[in-house]
Amino acid sequence: MPHTTVAVAALLCVAKGVLGVDLQHCGQAQYDPAEYVCWENQFLCPIRAGEPLSHCAGACYSKFMYTCTDNVVTLLPPVDTPFTLTVDNPGLPIHGKPVTAAGQHWSLDGQTSSYCPSQVGSECPPGNSTVIVASEGRAAMSVMVPGGQQAYLDPYWNMVYTQAHSAYIPSGSTVTGFGAYQGGGFVNLNGNGWGWVACPPRASGGGGPGWNLVARNATNAATLNECHSINLRVNSLPGSTLGAWQYT
Ligand SMILES: *[C@@H]1O[C@H](CO)[C@@H](O)[C@H](O)[C@H]1NC(C)=O
Ligand SMILES: *[C@@H]1O[C@H](CO)[C@@H](O)[C@H](O)[C@H]1NC(C)=O
């Protein structure tokens, strides 16, 4: 008799799933609702960076880059105005917090750092938010300073920007391959779509005292395992918006 009890308990354990998760049904399939979403009780799409991927005629897609038009997954139009960015992953404490420029570096939920020369004075933009422009695969800070400030991935795949009055970009940097989509996200198209991660203070990934933004790829993914996948949401601004005289 005791033997039977043990056997039944073991079987129940298996039914609950190897990892002890509560599986749900999607049609005939079983799935873990922490990892997948079920559409119309028949289509499973993965949850990526906290986003349950949408479903379009048999394909799963991210609303940060695509839409579903007449049952076809279609790229969103590129954003053609300046924009700010916010972190998107509902599971993180920095969800909805801005990307902030400081120390030639894009941080998350930090303080924007900018400078206005006294000769320019009241003509300077407020300089308290981080405004970005993007076109043709490139990104830059939306600034007044002559020469502008280009944004790019440094050799460690941190998102950084050039100093005002300098075009210096270290070798090994990546200056193209960025997509910014209307009603969508700011996407790194380099490195086969591994996406962005937010690295908590003191986790690997470099950066300052706050959360750091790093672009993941096949090579660095393993070293970023303390970091969390995020999307960067584009918040469009009126056409001529300048963020600062220069970001510092
Ligand atoms: C920036 O400053 C302006 C004017 O001082 C203010 O209206 C605005 O709310 C501030 N924005 C942020 C993001 O702090
Ligand atoms: C991935 O990023 C690392 C820096 O974190 C860089 O050294 C490496 O070259 C990148 N890999 C690819 C395939 O671009």
Side-chain angles (χ1 to χ4, degrees), residues 49 81-88 94-118 120-133 137-139 141-145 149 151-161 169-179 186-208 210-230 232-248:
T81 65
F83 55 88
T84 59
L85 292 174
T86 43
V87 175
D88 202 285
I94 55 169
H95 176 64
K97 301 293 187 188
V99 167
T100 46
Q104 257 83 66
H105 200 105
W106 289 15
S107 297
L108 304 172
D109 191 24
Q111 206 73 44
T112 293
S113 170
S114 64
Y115 169 74
C116 171
S118 53
V120 183
S122 60
E123 303 295 306
C124 282
N128 57 356
S129 70
T130 298
V131 183
I132 298 150
V133 287
R138 291 172 177 259
M141 312 311 289
S142 187
V143 288
M144 281 178 92
V145 67
Q149 293 183 280
Y152 61 95
L153 288 178
D154 75 6
Y156 306 99
W157 283 42
N158 293 296
M159 202 65 195
V160 300
Y161 50 94
I169 292 176
S171 72
S173 299
T174 307
V175 298
T176 63
F178 305 107
F186 182 80
V187 177
N188 172 31
L189 302 167
N190 301 289
N192 271 331
W194 282 73
W196 302 106
V197 289
C199 299
R202 280 180 295 143
S204 58
W211 287 71
N212 187 35
L213 173 69
V214 183
R216 218 168 21 163
N217 65 38
T219 316
N220 68 18
T223 65
L224 296 171
N225 51 16
E226 289 170 80
C227 306
H228 306 272
S229 295
I230 56 167
L232 295 177
R233 181 179 295 283
V234 165
N235 310 291
S236 299
L237 295 170
S240 55
T241 308
L242 291 161
W245 172 266
Q246 75 187 59
Y247 290 106
T248 54

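Only a predicted model underlies this, so the values are computations on that prediction, with no experimental measurement involved. When a ligand or atom number is given, it counts from 1 through the structure's own listing order.
With respect to atom 13 (C) of ligand 2, the closest heavy atom belonging to the protein is Thr219 OG1, 3.8 Å. The closest protein non-hydrogen atom to atom 9 (O) of ligand 2 is Trp157 NE1, 4.7 Å.
Proximity of a side-chain donor or acceptor of Tyr152 to a complementary backbone N or O of Ala139 within less than 3.5 Å is not detected. In this structure, Asn188 contributes its side chain and Trp194 its backbone to no donor-acceptor pair below 3.5 Å.
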Solution key, residues 237-247 side-chain donor-acceptor pairs under 3.5 Å, sequence neighbours excluded:
unit_1, atom_1, unit_2, atom_2, d
Thr241, OG1, Pro238, O, 2.7
Tyr247, OH, Ser129, O, 2.6
Tyr247, OH, Val131, N, 2.9

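For ligand 2 and Asn217, the ligand atoms under 4.0 Å from any heavy atom of the residue are 1 (C), 2 (O), 3 (C), 8 (C), 10 (C), 11 (N), 12 (C), 14 (O). Less than 4.0 angstrom separates some heavy atom of Pro155 from each of these atoms of ligand 2: 4 (C), 6 (C), 7 (O).
Checking atom 5 (O) of ligand 2 against the protein gives a heavy-atom contact under 4.0 Å.
The residue from Thr84, Thr130, Thr100, Asn128 that puts a heavy atom closest to atom 10 (C) of ligand 1 is Asn128.
Counting only N and O atoms by type, the side chains of His105 and Asp154 include no donor and acceptor under 3.5 Å apart.
Using cut-offs of 30° and 60° for the angle between ring planes, the Phe178 and Phe186 rings count as parallel.
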